[in-house]
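For ligands, and for the atoms within them, numbers begin at 1 and follow the listed sequence. FYI, the numbering just counts along the sequence from 1.
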Amino acid sequence: MVRNTPITRNASRITLVGPDLAHFVAGAPDQRVKLFVPRAGRPAPPIVRRGLTWREAWERIPEPDRPYQRTYTVRAHRTEPPEIDIDFALHAQGGPASRWARSACPGDTIDLLGPTGERNGGYSFAPPAGSPLLLAGDHAALPAIGSIVESLPHDAQGHVFVEVATSADRQHLTAPPGVRVNWLHPEPGDRAPTGNPLLEAVRDTDLPREGGYAWIAGEAGCVRALRRHLKDDRGMDRRSIASMGYWRVGHTEDTAHARTPDKQLTHS
Ligand SMILES: Cc1cc2nc3c(=O)[nH]c(=O)nc-3n(C[C@H](O)[C@H](O)[C@H](O)COP(=O)(O)OP(=O)(O)OC[C@H]3O[C@@H](n4cnc5c(N)ncnc54)[C@H](O)[C@@H]3O)c2cc1C
């Protein structure tokens, strides 16, 4: 990696470089990739081995040296020179990926598995053209939401809800005039919310009965409740709701079974 740029107190942008990134192709603004986070103090063994899939090669690495697999979103991709930005939520529970991002320095290495073609299945945002949009997510979904919002056409219409811990965790997003970005966080002095602020905010929002498209991501239980609300209470067609549990309370990604693409390994 070349840069570790603080965005807010609880988020860092890691910029990755490497010759193989010249082959990277994103299919959509919420393109996901797999990162292989090295174990502290251990060498990073190669994930690519001739004749093996990456998973076979990864599983053959002795457990004490085996890097952690984690799923992240490409916040930005540039080609001259090839660079990828990944925004990490530096969450308080501090798993290996979040810890790595907190202390990563220029010159540190990490393996990245990402696609080399647009039709790669490693993304979810695919609204029919012109659909009114609902985007909702938490701090882990903010990189994808930022990337989606900034990719929208000028005439896009919709509502965006982002739940963050404090007002200082808001980020500047450049949205088209018809897309309203709403930040959800307790005010100074308030108690941390106990319910599902995303669900409550969406409940209070006028949504079109037909033709809308929703993209929701964040903690798995919150996302499930929100999806149920859109389907059962608001009558949205389930095919118009893209919902992803990005993390799960009490589970690491190893035990929460996130789905990721499986196409091409690049080193950065
Ligand atoms: C498709 C997809 C795209 C994603 N994109 C991004 C992204 O761009 N940026 C980003 O920051 N995250 C993103 N995530 C979420 C990220 O993969 C998880 O948060 C992951 O668990 C972090 O790994 P870790 O090693 O830090 O923690 P883990 O070892 O997986 O978990 C350790 C502990 O921390 C808790 N935990 C994990 N994540 C969070 C969290 N976000 N907030 C609070 N507690 C948490 C767990 O419940 C567990 O108790 C994405 C997930 C998916 C499935």
Side-chain angles (χ1 to χ4, degrees), residues 1 4-16 26-40 66-77 84-104 110-115 120-126 135-151 162-166 169 171 173 184-185 192-193 196-198 215-224 227 242-263:
M1 54 86 62
N4 185 345
T5 314
I7 310 172
T8 58
R9 199 164 52 106
N10 295 313
S12 264
R13 175 159 301 159
I14 302 282
T15 301
L16 302 172
D30 62 338
Q31 178 69 55
R32 53 188 179 251
V33 294
K34 181 84 86 182
L35 295 178
F36 294 86
V37 182
R39 300 215 174 212
R66 193 181 301 149
Y68 302 93
Q69 297 174 46
R70 295 291 183 263
T71 310
Y72 279 82
T73 306
V74 174
R75 178 63 175 87
H77 171 221
I84 279 180
D85 290 338
I86 308 270
D87 288 0
F88 286 75
L90 306 176
H91 58 87
Q93 302 305 316
S98 166
R99 276 199 301 271
W100 181 85
R102 254 181 218 284
S103 59
I110 190 165
D111 281 302
L112 179 151
L113 178 71
N120 63 66
Y123 54 84
S124 306
F125 185 69
L135 307 177
D138 63 10
H139 58 297
L142 175 52
I145 290 177
S147 176
I148 291 172
V149 162
E150 289 170 10
S151 75
V162 190
E163 183 190 356
V164 289
T166 69
D169 294 304
Q171 297 180 21
L173 304 183
L184 311 178
H185 51 77
N196 185 342
L198 285 171
W215 183 102
I216 49 183
E219 198 286 318
C222 295
V223 168
R224 203 177 315 115
R227 180 183 174 87
S243 63
M244 285 81 39
Y246 268 17
W247 61 282
R248 191 181 292 269
V249 170
H251 287 264
T252 69
E253 184 166 332
D254 312 295
T255 57
H257 302 300
R259 292 188 333 175
T260 51
D262 188 351
K263 294 273 178 194

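Backbone and side-chain nitrogen or oxygen atoms of Gly250 are examined, and one is located within less than 3.5 angstrom of a nitrogen or oxygen of ligand 1. For ligand 1, the polar-atom distance check against Arg70 finds a nitrogen or oxygen pair separated by under 3.5 Å. The distance criterion of under 3.5 Å between nitrogen or oxygen atoms is met by Pro96 with respect to ligand 1. Considering both main-chain and side-chain atoms, Gln93 never comes within under 3.5 Å of ligand 1 through any nitrogen or oxygen pair. Checking only distances, His91 does come within under 3.5 Å of ligand 1, N or O to N or O.
Look at Asp30 and Arg75 and you find no salt bridge, because none of the NZ, NE, NH1 or NH2 atoms lies under 4.0 Å from a carboxylate O.
Proximity of Arg248 to ligand 1, defined as any heavy-atom pair under 4.0 Å, is confined to the backbone N, CA, C and O atoms. Both the backbone and the side chain of Glu253 come within 4.0 Å of ligand 1, judged by heavy-atom distances. Under 4.0 angstrom from ligand 1, there are no non-hydrogen atoms of Arg75. Residue-level proximity to ligand 1 for Asp87 is carried by the backbone, the only part with a heavy atom below 4.0 angstrom. Contact annotation for Ala97 and ligand 1: heavy atoms of both the backbone and the side chain come within less than 4.0 Å of the ligand. Counting heavy atoms under 4.0 Å from ligand 1, residue Trp247 touches it through the side chain alone.
At least one heavy atom of His251 sits closer than 4.0 Å to an atom of ligand 1. Within the structure, the closest approach of His139 to ligand 1 falls below 4.0 Å when heavy atoms are considered.
For the residue pair Thr71/Glu253, the side-chain donor-acceptor check at 3.5 Å is satisfied. Using modelled atom types and a 3.5 Å distance limit, the side chains of Glu219 and Asn196 yield no donor-acceptor pair.
When all heavy atoms of Asp138 and Leu198 are compared, the pair lying nearest together is N-CD1, 4.2 Å. A pairwise comparison of heavy atoms in Phe125 and Ala28 identifies O-CB, 3.9 Å as the closest pair. Tyr123 and Gly27 get closest at one heavy-atom pair: CE2-CA, 3.6 Å. Shortest non-hydrogen contact noted between Ser243 and Val223 is CB-CG1, 3.7 Å.
Looking at Ser98, its side chain never comes within 3.5 Å of a backbone N or O of Gly95 through a donor-acceptor pair.
In this comparison of Tyr123, Tyr72, Tyr246, the heavy atom closest to atom 7 (C) of ligand 1 sits on Tyr72.
For the side chain to side chain contact (heavy atoms under 4.5 Å, CB included) test with Ser12, the passing option among Asn4, Ile7, Ile86 is Asn4; the others fail.
When each atom of ligand 1 is checked for a heavy atom of Pro143 under 4.0 Å away, the hits are 7 (C), 8 (O), 9 (N). Atoms of ligand 1 lying under 4.0 Å from at least one heavy atom of Ala89, given by number and element, are 10 (C), 11 (O). For ligand 1, the atoms lying closer than 4.0 Å to a non-hydrogen atom of Arg32 are 1 (C).
Ring geometry, Tyr72 versus Phe88: the interplanar angle falls from 30° to 60°, so the pair is classed tilted.
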